[in-house]
Enquirer: 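First the structure, then my questions, so here it is.
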Amino acid sequence: MSFPTRMTIVCVAEEDLFIHSPTPLTRSLRKELERIGRPRWIIAPNRIHYWWIPDWRDSYPDAVVYLAPRVSEQAAGRITFEGHPLDRASGYPWDEELASLPISGSYMTEVEFFHYRTRTLILTDLIENFELRKLNSFVTRWLTWLGKVQDPDGQNAARHATDLLATAIPLARLRRNDDRVESGTGDRRPRTVV
């Protein structure tokens, strides 16, 4: 089944780019990257979001790859190189600009990020909020309905996740946006490339 997915790119310290959950590296995306900076860190935030990591690593060999727990196991045969572990809350080169928070569940550990300057919370599968117009199969629509992750139900999960993270990240600056889940557009937020 095809599920729509997004990646997030955060510009850290001038032109160093934090590539979160990379999607296919298209020609137009490469041009945009050249315009805004250079990939410095490539992040697989959980054991599901790793597929395009090898393509990005091949294209940007100077970038450092960080893998959440069990990514190497899940991606056996696809990721054949050593990645740095992404399994703790601090001790990363981006700590001054981004907080990292591993959240363990029964199926996987997912690492969430909070960008201090823009107050943007970057989540992967901790919340899901699928828009029906973007789902092209009955099975996918049914599964997302069953899982209560269709827009607007997923927004309720987003509020819960933000509350959870607000208690876990010791930052007074973290606040919840009750109106809607945003993809990170606008000049005060990190740029999101879909």
Side-chain angles (χ1 to χ4, degrees), residues 4-46 48-68 71 79 81 83-103 109-129 158 161-162 165-166 168-177 179-194:
T5 187
R6 294 186 174 141
M7 68 180 286
T8 304
I9 297 175
V10 179
C11 192
V12 176
E14 298 295 318
E15 61 179 35
D16 291 337
L17 302 180
F18 177 90
I19 310 296
H20 175 271
S21 187
T23 57
L25 186 56
T26 63
R27 189 175 322 194
S28 62
L29 180 53
R30 276 181 200 269
K31 284 185 177 182
E32 181 71 11
L33 290 172
E34 288 171 12
R35 191 180 67 71
I36 63 174
R38 65 185 170 104
R40 178 84 184 270
W41 306 288
I42 302 169
I43 310 299
N46 68 36
I48 299 172
H49 289 259
Y50 66 83
W51 191 258
W52 289 284
I53 297 270
D55 299 339
W56 281 77
R57 181 179 177 266
D58 291 346
S59 294
Y60 300 101
D62 293 336
V64 180
V65 174
Y66 283 85
L67 305 172
V71 169
I79 294 184
F81 53 86
H84 292 265
L86 184 62
D87 58 2
R88 58 192 185 277
S90 63
Y92 300 107
W94 56 78
D95 282 348
E96 287 189 30
E97 298 223 18
L98 290 158
S100 306
L101 179 67
I103 297 185
T109 297
E110 179 169 299
V111 182
E112 316 305 349
F113 299 93
F114 179 73
H115 189 245
Y116 299 118
R117 185 171 37 87
T118 60
R119 301 166 128 179
T120 301
L121 186 59
I122 303 168
L123 306 172
T124 314
D125 294 319
L126 183 63
I127 63 160
E128 293 177 325
N129 192 43
T162 304
L165 291 170
I169 298 176
L171 302 169
R173 293 180 283 190
L174 179 63
R175 69 182 180 156
R176 177 173 83 191
N177 178 351
D179 297 329
R180 56 183 256 208
V181 177
E182 301 215 15
S183 64
T185 57
D187 52 306
R188 291 205 56 220
R189 297 176 186 265
R191 185 160 183 152
T192 299
V193 180
V194 179

Enquirer: Would Leu33 and Leu25 satisfy side chain to side chain contact (heavy atoms under 4.5 Å, CB included), going step by step from the backbone distance to the final call?
Expert: CA-CA 10 Å; Leu33 290 172; Leu25 186 56; 4.0 Å; yes
Enquirer: Would you name the heavy atoms of Arg88 and Pro85 that are closest together and state the gap between them?
Expert: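 Answer, listing the atom of Arg88 first, then Pro85: NH1-O, 3.6 Å.
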Enquirer: If you round to the nearest 0.5 Å, how far is CD of Glu110 from OG of Ser21?
Expert: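 Answer rounded to 0.5 Å: 9.0 Å.
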Enquirer: Which atom names give the shortest non-hydrogen contact between Glu97 and Ala13, and what distance separates them?
Expert: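 Minimum heavy-atom contact is OE2-N, 3.1 Å.
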Enquirer: Can you name the residues that form a side-chain hydrogen bond (donor to acceptor under 3.5 Å, both in side chains) with Thr26, not counting sequence neighbours?
Expert: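 With neighbours one apart ignored, the set is Ser28.
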Enquirer: What residue pairs, at least two apart or across chains, pass side chain to side chain donor-acceptor pair (under 3.5 Å) with a residue in residues 50-67?
Expert: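 Every pair satisfying side chain to side chain donor-acceptor pair (under 3.5 Å) with a residue in residues 50-67: Arg30-Ser59.
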Enquirer: Considering all heavy atoms of both residues, which atom of Pro45 and which atom of Ile43 are nearest to each other, and what is their separation?
Expert: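 Closest pair (atom of Pro45, atom of Ile43, distance): CD-O, 3.3 Å.
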Enquirer: Between the side chains of Glu32 and Arg35, is the shortest nitrogen-to-carboxylate-oxygen separation below 4.0 Å, so that they form an ion pair?
Expert: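 Between Glu32 and Arg35 there is a salt bridge, with a charged N closer than 4.0 Å to a carboxylate O.
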Enquirer: Are Leu86 and Leu67 close enough, and set up right, to give a side chain to side chain contact (heavy atoms under 4.5 Å, CB included), and what steps lead you there?
Expert: CA-CA 5 Å; Leu86 184 62; Leu67 305 172; 5.7 Å; no
Enquirer: How long is the span from the CG atom in Leu17 to the CZ atom in Arg38, to the nearest 0.5 Å?
Expert: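 Separation between the atoms: 8.5 Å.
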Enquirer: When you look at Leu98 and His115, which way does the side chain to side chain contact (heavy atoms under 4.5 Å, CB included) test go after all the steps?
Expert: CA-CA 5 Å; Leu98 290 158; His115 189 245; 3.7 Å; yes
Enquirer: I need the Ile122 CD1 to Phe114 CZ distance, nearest 0.5 Å.
Expert: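 Reported to 0.5 Å precision, the distance equals 10.0 Å.
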Enquirer: Can you confirm whether His84 sits close enough to Val64 that some side-chain heavy atom of one is under 4.5 Å from a side-chain heavy atom of the other?
Expert: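 Yes, their side chains come closer than 4.5 Å.
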Enquirer: Using only atom types and a distance under 3.5 Å, with no angle test, would you say the side chain of Glu112 pairs donor to acceptor with the backbone of Leu121?
Expert: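 Looks like no, no N/O pair under 3.5 Å.
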Enquirer: Please report the closest heavy-atom contact between Asp16 and Arg40, naming both atoms and the distance.
Expert: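 Looks like OD2-NH1, 2.9 Å.
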Enquirer: Do Phe113 and Phe18 pass the side chain to side chain contact (heavy atoms under 4.5 Å, CB included) test, and can you show the C-alpha distance, the side-chain angles, and the key distance before you say yes or no?
Expert: CA-CA 11 Å; Phe113 299 93; Phe18 177 90; 3.7 Å; yes
Enquirer: Go through the structure and list residues passing side-chain hydrogen bond (donor to acceptor under 3.5 Å, both in side chains) with Trp94, not counting sequence neighbours.
Expert: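 Partners of Trp94 by the side-chain hydrogen bond (donor to acceptor under 3.5 Å, both in side chains) criterion, ordered by chain and then number, come out as Ser100.
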Enquirer: What are the two closest non-hydrogen atoms of Ala63 and Ile42, and how far apart are they?
Expert: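 Shortest heavy-atom contact: CB-CD1, 3.7 Å.
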Enquirer: Quick check for you: to the nearest 0.5 Å, what is the distance between Met7 atom CE and His49 atom NE2?
Expert: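 These two atoms lie 12.5 Å from each other.
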Enquirer: Should Ile9 and Leu29 count as side-chain neighbours, where that means a heavy-atom distance under 4.5 Å?
Expert: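 Yes, at least one pair of side-chain atoms sits under 4.5 Å.
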